[in-house]
Amino acid sequence: MVTKLQRRTTYRRKLQFLPTLSNSKSVRRRSIVLNVLLHCHKLKLKLEGIHREYQNLMAIRNQYFTLLKHIQIPKEVKVEKVGEEFVVKVNCNKGGGKLISILEVFEELGLNVLQAKVSCSHFFAMEAIAVARDQQTTDIKEVTQAILKAIEKQGG
């Protein structure tokens, strides 16, 4: 069994730590306890403020993603010839099998893809480097038109 003296000493030890937690300069027990309660209340208010700010940021984030869904990205196809390589950049709305259609166009035109980067997080974006298979001269305009036709076919 715990004696009254042991309880009192543990209580006093715990009470000694409270002023350091609440930055209290008081010596009296009652003042220390009131300062700790005030400090806890302030922390609770700060936490509620942070929670409200978080909720507001989440609402703004959701509105942003909703707007991104409704944005129409204009179809953009850029083809550049650098030496023997074609650098192809495509931006358009996502959906459908655009990547497959574009790769089929490369196959039909006799182009081998050396490197490609594709992203379709909010819209379809592709950057590819391709080389003509048989060193045949393929026109930049021809590649651009074929890719645009493939994108249109996929409803882009």
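For this chain, numbers begin at 1 and follow the sequence in order. All values below come from the heavy atoms of this structure, side chains included, with hydrogens, waters and symmetry mates left out.
Note that CZ of Phe86 and CG of Asn112 are 12.0 Å apart. Values are rounded to the nearest 0.5 Å. Between Met58 atom CE and Asn62 atom CG the span is 5.5 Å, to the nearest 0.5 Å. Put simply, CG on Leu103 and CD1 on Ile147 are 9.5 Å apart, with the number rounded to the nearest 0.5 Å.
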Listing, residues 40-54 side-chain donor-acceptor contacts under 3.5 Å, not counting sequence neighbours, or none:
none

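In this structure, the side-chain contact (heavy atoms from CB on, under 4.5 Å) partners of Glu84, at least two apart in sequence or on a different chain, are Gln135. For Gln63, there are no side-chain contact (heavy atoms from CB on, under 4.5 Å) partners two or more places apart in sequence or in a different chain. Scanning for side-chain contact (heavy atoms from CB on, under 4.5 Å) contacts around Ala146 gives Val105, Leu109, with sequence neighbours left out. For the salt bridge (Lys or Arg N to Asp or Glu O under 4.0 Å) test, no residue two or more places apart in sequence or in another chain qualifies with Glu104. For Phe65, the ring-ring contact (aromatic ring centres under 6.0 Å, His included) criterion is met by His122, not counting sequence neighbours.
Lys78 has no carboxylate O lying under 4.0 Å from a charged side-chain N of Glu80, or vice versa, which leaves the two without a salt bridge.
Around the CG atom of Leu37, the shell of radius 6.0 Å holds more than 12 heavy atoms that belong to other residues, nucleotides or ligands.
Both Ile151 and Ile140 belong to a common hydrophobic cluster when Ile, Leu, Val, Met, Phe, Trp and Tyr are linked at side-chain heavy-atom distances under 4.5 angstrom. Met126 and Val131 sit in two unconnected hydrophobic clusters of ILVMFWY residues. Membership requires side-chain heavy atoms under 4.5 Å apart, directly or through other members.
Between Cys92 and Lys75, the shortest heavy-atom contact is CB-CG, 4.1 Å. When all heavy atoms are compared, the tightest approach of Arg133 to Leu111 is NH2-O, 3.9 Å. Taking every heavy atom of both residues into account, Lys98 and Lys94 meet most closely at NZ-C, 4.1 Å.
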Check step by step if side-chain contact (heavy atoms from CB on, under 4.5 Å) holds for Phe124 and Val118. CA-CA 7 Å; Phe124 178 82; Val118 179; 3.8 Å; yes
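In summary, of the residues considered (Val90, Val113, Val77, Val88), a side chain to side chain contact (heavy atoms under 4.5 Å, CB included) with Ile102 occurs for Val90 alone.
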